[in-house]
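Report on the following structure.
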Amino acid sequence: MVHFVGAGSGAADLITLRGDRLLRAADVVIWAGSLVNPELLEVCRPDCEIHDSAIMTLEEVIAVMERAHVSGREVVRLHTGDPSVYGAIQEQMDALEARGIPFDVTPGVSSFCGAAAALKQELTLPGVSQTVMLTRLEGRTPMPAGEDMRTLAAHGSTMVIFLSAGMLERLQEELLSAGRQADEPAAIVYKATWPDEQVLRCSVGTLAATGAAHGIRATALVVVGRVLEGAYERSRLYDPGFATGFRKAHDGA
């Protein structure tokens, strides 16, 4: 049996209880060494066979799974975050299905959840945004028709943008071209939930400069949207009565 397991967004204790149990019992672990926290492997059995997929091809990964299946061993395929979001697991599952090898999937804490936690921010607020888009800027992998950044950004909803930290200048240009305002709140969250996490608050118009000033080129998410406005401004937008109460309370009235 092959178990695809979401490792969580970074902190070792954010793996699910089920994921931890599967990891402890595994005979073979194939982990995304360039992305997953290596502390997670400390719970593996001493005799567990461990492979780093960062230096393996898809064919090599499937071959390890197939050999383990034939010999009756349990495999954990450990992916970063939640494997359903940019996890590149579909081609692996299709290959296993074609070979008649059983598998299941254990979800994990996605990095977008880790970023929201780092920001101490709800991503959906009444009257502000009830939609969250998880997307990425087009790079080496093309975007399907109608899913380019400019088209999606024009909707005005909260956006969590993956795999784009190395293209912040182009991302900023696309967001502005879509009609997002230069002063709209934004944030860059570097390595959410890891020990070296950084939260950089900025605006759409200062995304590129903020990333450059802090040397952000990878392993970061960009969050854009009015939900990131301050507590008073947020409350004023969707509940004027509450905003009045908020102001009085904080003015000592």
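Nothing fancy with the numbering, it's 1 onward along the sequence. Fair warning: this is a prediction, and the values are worked out from it, not measured in the lab.
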Quiz item: Side chains of Leu168 and Ile188: closer than 4.5 Å at any heavy-atom pair?
Solution: yes
Quiz prompt | Sub-4.5 Å side-chain heavy-atom contact between Met149 and Arg170 | solution = no
Is it true that a side-chain atom of [X] and a backbone atom of [Y] form a donor plus acceptor pair closer than 3.5 Å?
X      : Y      : answer
Arg201 : Leu119 : yes
Trp31  : Asn37  : no
Thr57  : Glu60  : yes
Thr151 : Gly146 : no
Glu184 : Val224 : no
Thr16  : Gly19  : yes
His79  : Gly87  : yes
Arg180 : Leu175 : no
Ser129 : Thr158 : yes
Ser164 : Leu137 : yes

Would you say that more than 12 heavy atoms from the other residues, nucleotides or ligands in this model lie under 6.0 Å from the [atom1] of [X], or not?
X      : atom1 : answer
Arg45  : CZ    : yes
Arg73  : CZ    : yes
Glu169 : CD    : no

Heavy-atom pair with the smallest gap, counting every atom of [X] and [Y]:
X      : Y      : result
Pro185 : Glu229 : CG-CG, 3.4 Å
Ser53  : Val61  : CB-CG2, 4.2 Å
Leu207 : Gln172 : N-OE1, 3.2 Å
Asp82  : Gly108 : OD2-N, 2.9 Å
Leu163 : Met167 : O-CE, 3.7 Å
Glu147 : Met143 : O-CE, 3.2 Å

Quiz item: How are the rings of Phe4 and Phe103 set relative to one another: parallel (under 30°), tilted (30 to 60°) or perpendicular (over 60°)?
Solution: perpendicular
